[in-house]
A.B. asks: 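So that we are looking at the same thing, I have put the structure below in structure tokens.
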Amino acid sequence: MAYVVQAGEDRFKIEAKRLEAKPHEDIYEVEIDGRKMVVSIARISPTHLSILVDNNSYDVEVERFGNDYQVSIRGEVYNFQVRDERELVHTTHHESGESIITAPMPGLVVDVVVEKGKEVKKKEKLLILEAMKMQNEIRSPRDGKVIEIKVGPGDSVNTGDELLVIG
Amino acid sequence: MAYVVQAGEDRFKIEAKRLEAKPHEDIYEVEIDGRKMVVSIARISPTHLSILVDNNSYDVEVERFGNDYQVSIRGEVYNFQVRDERELVHTTHHESGESIITAPMPGLVVDVVVEKGKEVKKKEKLLILEAMKMQNEIRSPRDGKVIEIKVGPGDSVNTGDELLVIG
Amino acid sequence: MATSPFRKILIANRGEIAIRVMRACRELGITAVTVYSEADRASKHVRYADEAYEIGPPPSTESYLRIDRIIDVAKISGCQAIHPGYGFLAENPELPKACEAEGIIFIGPDSKAMALVGDKTQARRTVEAAGIPIIPGIKEPIEDLKKASEVATRLGYPILLKAAGGGGGKGMRVVEKEEELKSSFERAQSEAESAFGNPAIYIEKFLIQPRHIEIQILADHHGNIIHLNERECSIQRRYQKLIEESPSPIVDPDLREKMGEAAKRAIRASGYTNAGTVEFLVDQKKNFYFLEVNARLQVEHPVTELVTGVDLVKEQIRIAAGEPLRYAQDDIGLKGAAIECRISAEDPETFLPSTGKITEMIEPAGPGVRVESGIYEGYEVPVYYDPLIAKVITWGRDRKEALSRMVRALEEYRIKGIKTTIPFHKRILNYPPFIEGNYHTQTITEVEPSMENHHIEIGAVAATIVAMAETRISIQKARPGINPWKLSGRVNGLRGSGW
Amino acid sequence: MATSPFRKILIANRGEIAIRVMRACRELGITAVTVYSEADRASKHVRYADEAYEIGPPPSTESYLRIDRIIDVAKISGCQAIHPGYGFLAENPELPKACEAEGIIFIGPDSKAMALVGDKTQARRTVEAAGIPIIPGIKEPIEDLKKASEVATRLGYPILLKAAGGGGGKGMRVVEKEEELKSSFERAQSEAESAFGNPAIYIEKFLIQPRHIEIQILADHHGNIIHLNERECSIQRRYQKLIEESPSPIVDPDLREKMGEAAKRAIRASGYTNAGTVEFLVDQKKNFYFLEVNARLQVEHPVTELVTGVDLVKEQIRIAAGEPLRYAQDDIGLKGAAIECRISAEDPETFLPSTGKITEMIEPAGPGVRVESGIYEGYEVPVYYDPLIAKVITWGRDRKEALSRMVRALEEYRIKGIKTTIPFHKRILNYPPFIEGNYHTQTITEVEPSMENHHIEIGAVAATIVAMAETRISIQKARPGINPWKLSGRVNGLRGSGW
């Protein structure tokens with residue numbers, strides 16, 4: 001089974017097969033965009049890997065945030081989407097025209113700056129959420145129109161609660 | 001159910017009852033040798049407790065080594081045996097006259113200093129075990145006689161392997 | 001092991017600074033008492049304390065800002081003194097006033113000096129009278145937009161809006177032109193109100209690309225005042241300091257001497273005692289202007305500790321106990337260089353707060369690295385308080401060594417489960433003007449998102465390996481009703497292409 | 001960020017010292033290559049390195065002591081230099097010899113100087129000729145009991161047996177009287193054989209309650225030699241150092257100057273370059289006697305780094321690259337005081353090794369604390385190597401502050417899953433003669449097991465609470481076939497009396 005792994009414009013097709021399990025490491029054959037390499041993985045924890053490739057050593061942390069995998073190597077951080085190649089075929093056909101803006105953290109809605117029906121530009125301010133003593137501006141991820149506003153000033157929201165819908 | 005908790009000559013009879021479970025703490029009523037106190041427990045991990053008693057704060061680590069519970073508080077270390085009060089009644093009747101000396105760590109037997117049948121004193125040297133580049137002397141825990149020798153020079157042993165029996 | 005003038009101290013704070021103060025107490029043999037909100041029962045400061053008292057619900061207005069409850073705890077627990085840390089009540093003169101009324105020693109200035117320096121208008125007037133240059137601006141707090149507009153027009157844009165009631169960058173806004181004034185003024189008022197309970201704002205001329213440089217002071221009750229060199233804190237975002245260092249790359253011994261003397265004069269004129277910081281802006285011609293006095297221990301105090309060897313918290317405690325300063329000005333050296341990065345629970349791209357549980361954590365260590373943190377593996381970062389969760393401070397024989405150690409330390413620091421600003425700090429540390437010491441308070445806006453992707457392929461492989469393992473586990477978990485033999489077959493099938 | 005004379009270095013070691021050296025490499029911008037045995041694939045030094053090469057099975061004779069394989073790795077990976085750390089091959093002149101043959105730079109003395117100082121008999125002769133006092137004793141290694149007995153009788157008991165082939169306390173024994181000589185001599189020979197492959201022993205007069213004080217040296221290839229003050233290492237068990245500090249409580253500036261000059265003479269007479277340590281014994285009248293030269297970085301080098309601000313590993317690398325010393329003797333200050341505790345995976349009462357998996361770990365931090373460790377949460381401490389797993393080093397403005405910080409740091413350090421010597425160190429730190437600085441190489445035998453039990457009741461309660469929870473869990477786990485409703489009833493029943 002191959003995976004499509006994407007971070008921004010970088011996209012890799014990756015297939016990994018375990019060749020051998022030793023006491024302190026697993027040996028994989030990894031094919032990345034058609035190139036094969038042998039990779040040694042020592043699991044420091046399920047999401048913390050020590051990787052050796054051609055004797056190059058990488059101490060790699062992986063975190064899952066929803067469908068994204070955030071990977072840290074020596075202070076460099078990547079956000080990857082990892083999808084089963086077959087799954088990918090499905091989802092690309094289902095793209096909806098609406099974006100649901102959700103709360104990135106728990107907080108208090110201080111102000112909703114836009115009204116329903118307003119045309120907004122990408123990065124335009126939508127509402128202000130207070131959390132950790134700071135007022136944080138929630139901006140539009142794209143150009144579009146405000147289709148629905150689900151919260152009002154004074155509302156407390158949790159991470160993931162829906163705030164507005166941009167169409 | 002009461003427990004008998006013992007460290008050397010200190011022995012406590014302890015009974016604990018959970019009164020309340022809050023989001024960040026559990027409140028217990030603890031009776032120790034007849035005195036009652038209210039104890040707040042926050043579990044940092046299953047074996048790492050933050051304890052508040054009368055507003056005194058203790059950050060306590062508990063480790064289980066076999067039947068012993070090793071407890072560390074601010075660099076003080078206690079080794080407790082914790083036994084169900086009922087269980088205690090049984091075991092005290094079953095004390096055997098033999099002590100089995102087991103390997104405290106994995107290593108290589110370098111020398112057995114005693115022979116079978118020899119009378120030994122408490123703290124007398126029994127054998128030499130090499131581990132972590134050091135030669136370690138295994139000594140008798142009591143006065144007695146060497147009843148059986150289960151290993152010889154050159155043997156590799158693991159933690160808990162039986163070395164000798166003193167009767 | 002050590003003797004101290006106090007037997008027992010209350011630390012009225014939380015997080016890394018509470019632990020910092022408690023560490024000093026332990027080293028001095030003082031019993032450390034602390035307070036906590038309902039959200040903080042399992043917080044590190046409660047675990048570190050000798051005694052801990054719950055003082056109310058999670059919002060700080062109902063707990064850490066409740067002077068009445070804090071005074072009660074001090075009395076019940078028999079504390080002789082209160083250390084406020086920074087933030088919360090640290091610059092609220094009502095706390096020292098309440099202490100004075102109850103015969104408890106406040107570890108900081110007295111209420112009168114704190115009120116004076118906390119009132120920025122009055123503070124400016126006082127230091128201006130002592131002959132110290134101040135930034136052109138008005139000397140009155142403003143609550144009214146019309147007045148604000150007049151003053152701004154007179155000074156000429158750009159101007160700066162600041163909360164009159166407190167510091168720390170909250171409520172601060174630059175206004176580039178007249179059209180922006182209304183919304184900025186209102187936002188600043190609202191933030192000032194929410195942070196300090198006081199919507200008053202004051203306005204000053206905004207200097208172009210200035211540097212923020214401050215002088216650390218210690219002043220005892222016997223009239224002795226010394227300074228402990230400068231710290232440069234020009235790396236700021238929205239007027240929140242992010243990186244601080246000592247010495248400043250642009251301060252030479254002559255300027256240090258002049259600024260140090262000015263700071264001491266400001267402190268003397270204000271009748272201020274204990275540790276304090278005099279903040280200046282320095283323009284491109286190295287003219288310096290008095291900004292304000294921070295009447296407390298600063299977040300960035302460790303950089304001064306590393307280059308002077310003085311433990312500022314212990315000196316605060318000794319001063320509060322009435323001891324004369326143990327150091328004369330000549331005893332204060334300046335050895336090597338130190339730098340601090342403030343690590344916040346924020347997304348490093350958007351700076352939105354990131355709360356949640358810390359699932360794994362490895363802190364940096366080794367030569368020249370100091371970590372001050374209030375977190376641990378398993379800790380839930382709460383939504384109620386400041387997002388600052390840790391500070392990394394490095395020392396080097398020279399600035400270059402301190403910086404290279406900081407990069408190394410940031411690479412070592414791993415905090416999982418929440419997002420932090422570590423990647424952002426690494427970008428600044430690699431930004432050539434910063435490396436050259438050639439930066440100012442606006443520098444941060446120039447730093448581009450990182451384009452580093454040396455390791456992207458390895459990262460993609462790691463993500464794949466972990467995703468494969470998770471797929472397997474979730475298939476196992478999701479099908480409890482399945483015949484185990486069949487499940488085993490499925491898992492083995494997957495195993496063929498993964499873990 | 002930094003430039004360096006080398007592009008790539010091989011670190012031929014493991015554990016905390018390998019990481020220490022790699023940290024210096026990172027800060028200097030040097031690629032760090034390391035080697036590992038089959039037991040060490042998941043060890044921290046492999047994860048920290050830029051490149052890592054497996055060199056054989058777990059026993060060090062088949063991996064870390066294999067000069068041929070290490071040289072191969074250096075060549076394959078294109079390393080310009082090899083840093084040996086301490087232990088393993090660090091004092092084996094065959095390694096620098098092999099480097100010399102292959103055109104690889106050895107970060108340490110050349111093979112000739114290392115062989116000279118490594119041969120203790122020859123070393124003594126050399127330094128004695130340079131006018132430095134040595135301990136009465138013979139100048140020949142002994143392999144025969146009869147000869148040993150004659151020499152011991154001539155010197156008079158007590159005498160000391162030492163391995164001629166290496167240092168670090170292995171193979172060392174004091175012999176109090178003739179009757180003990182045979183068994184001690186044989187044991188010493190066997191340990192010497194197993195540790196260094198050389199059973200030769202030498203004998204010297206054993207001084208009563210001496211202090212072990214050593215001088216840190218840096219010597220470049222241009223004839224410059226400086227000393228970096230002394231370290232006192234008198235807290236030893238079986239001749240293994242446990243605690244080291246700088247300055248020594250009994251060394252005054254005059255004695256420091258004299259010992260420093262003697263050490264430099266010894267180094268010059270031996271043709272020695274790079275970092276090295278000259279060990280002395282100091283008797284109760286402050287006479288000092290040359291003991292030996294340690295031809296490597298010492299375990300305890302951080303205490304010198306903290307009081308001088310010099311990064312010894314970086315200086316080693318610069319010296320090896322042929323750079324002249326960057327410091328003159330006058331540039332080396334002595335600021336404050338530093339102390340180190342060596343944390344071993346050993347039972348703190350019996351000193352038997354403790355291996356296993358580290359299940360939880362919290363390292364100390366905050367002001368004045370430095371940690372050097374090679375462990376992590378989840379790490380399996382292997383049985384094959386030295387039990388030293390971590391070092392805690394604290395700095396203070398004076399010795400009292402350094403000691404109080406050490407106690408605080410030891411209280412903060414939590415390592416679970418294995419036993420460590422932390423409680424033992426805490427006992428020494430609380431032992432009055434040690435606190436007063438009035439101690440010697442036998443002091444440790446006087447320290448009583450701790451009688452502290454301030455918190456025994458709380459400890460007993462904690463053990464009970466954890467035991468109760470475990471009982472509940474094990475009942476749940478042990479009965480998979482039981483009707484879940486009944487099981488639930490049982491669990492709730494237990495819950496009534498527990499978690």
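Protein chains get the first letters and strands the later ones, always in sequence-line order, with residue 1 at the start of each. None of the values given here were measured: they were computed from a predicted structure.
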A.B. asks: Sort B/V53 into side chain, backbone, both or neither according to what part of it lies under 4.5 angstrom from a heavy atom of chain D.
C.D. replies: side chain
A.B. asks: Given heavy-atom pairs under 4.5 angstrom as the criterion, report whether the side chain, backbone, both or neither of B/E29 touches chain D.
C.D. replies: neither
A.B. asks: Should D/I389 and D/I418 count as side-chain neighbours, where that means a heavy-atom distance under 4.5 Å?
C.D. replies: yes
A.B. asks: Between B/R139, B/E15, B/H48, which residue shows the highest count of heavy-atom pairs closer than 4.5 Å to chain D?
C.D. replies: B/H48
A.B. asks: With the threshold set at 4.0 Å, does a side-chain nitrogen-carboxylate oxygen contact exist between D/E191 and D/R173?
C.D. replies: yes
A.B. asks: Taking NZ, NE, NH1 and NH2 as the nitrogens, is one of them in B/E31 or B/R35 under 4.0 Å from a carboxylate oxygen of the other?
C.D. replies: no
A.B. asks: When the ring centroid of D/Y385 is compared with that of D/Y64, is the distance short of 6.0 Å?
C.D. replies: yes
A.B. asks: Looking at CD of B/E63 and OG of B/S72, how far apart are the two atoms once the value is rounded to the nearest 0.5 Å?
C.D. replies: 6.0 Å
A.B. asks: As an exercise: rank D/H455, D/H425, D/K426 by heavy-atom pairs under 4.5 Å with chain B and give me the winner.
C.D. replies: D/H455
A.B. asks: If I measure from the heavy atoms of chain B, does D/R187 come under 4.5 Å with its side chain, its backbone, both, or neither?
C.D. replies: side chain
A.B. asks: Quick check on D/I422 against chain B: is it the side chain, the backbone, both or neither that has a heavy atom closer than 4.5 Å?
C.D. replies: neither
A.B. asks: May I have the list of side-chain donor-acceptor pairs in residues 100-119 of chain B shorter than 3.5 Å, sequence neighbours left out?
C.D. replies:
residue, atom, partner, partner atom, Å
B/K118, NZ, B/E124, OE2, 2.5

A.B. asks: Kindly say whether B/R11 contributes a backbone atom to a donor-acceptor pair with the side chain of B/Q6 at under 3.5 angstrom?
C.D. replies: no
A.B. asks: Under the side-chain hydrogen bond (donor to acceptor under 3.5 Å, both in side chains) definition, can you give me all pairs with a residue in residues 351-361 of chain D, not counting sequence neighbours?
C.D. replies: B/S45-D/E360, B/T47-D/E360, D/E360-D/K416
A.B. asks: Only pairs of heavy atoms separated by less than 4.5 Å count here; which of D/I456, D/T464, D/T350 has the most with chain B?
C.D. replies: D/I456
A.B. asks: Find the one option among B/L49, B/I73, B/V5 whose heavy-atom pairs under 4.5 Å with chain D are most numerous.
C.D. replies: B/I73
A.B. asks: Could you look at D/F351 and say if it's the side chain, the backbone, both or neither that has a heavy atom under 4.5 Å from chain B?
C.D. replies: backbone
A.B. asks: For D/P348, is it the side chain, the backbone, both, or neither that has a heavy atom closer than 4.5 Å to a heavy atom of chain B?
C.D. replies: neither
A.B. asks: Between D/D347, D/L410, D/V461, which has the largest tally of heavy atom pairs under 4.5 Å with chain B?
C.D. replies: D/V461
A.B. asks: With a 4.5 Å cut-off on heavy-atom pairs, point out which of B/D59, B/V30, B/V39, B/I128 contacts chain D the most.
C.D. replies: B/D59
A.B. asks: Select one option (side chain, backbone, both, neither) describing which atoms of D/I415 are under 4.5 Å from chain B's heavy atoms.
C.D. replies: backbone
A.B. asks: Which bit of B/I41 comes within less than 4.5 Å of chain D, counting heavy atoms only: side chain, backbone, both or neither?
C.D. replies: side chain
A.B. asks: Kindly indicate whether the side chain of B/M37, heavy atoms from C-beta on, has any atom under 4.5 Å from the side chain of B/Y28.
C.D. replies: no
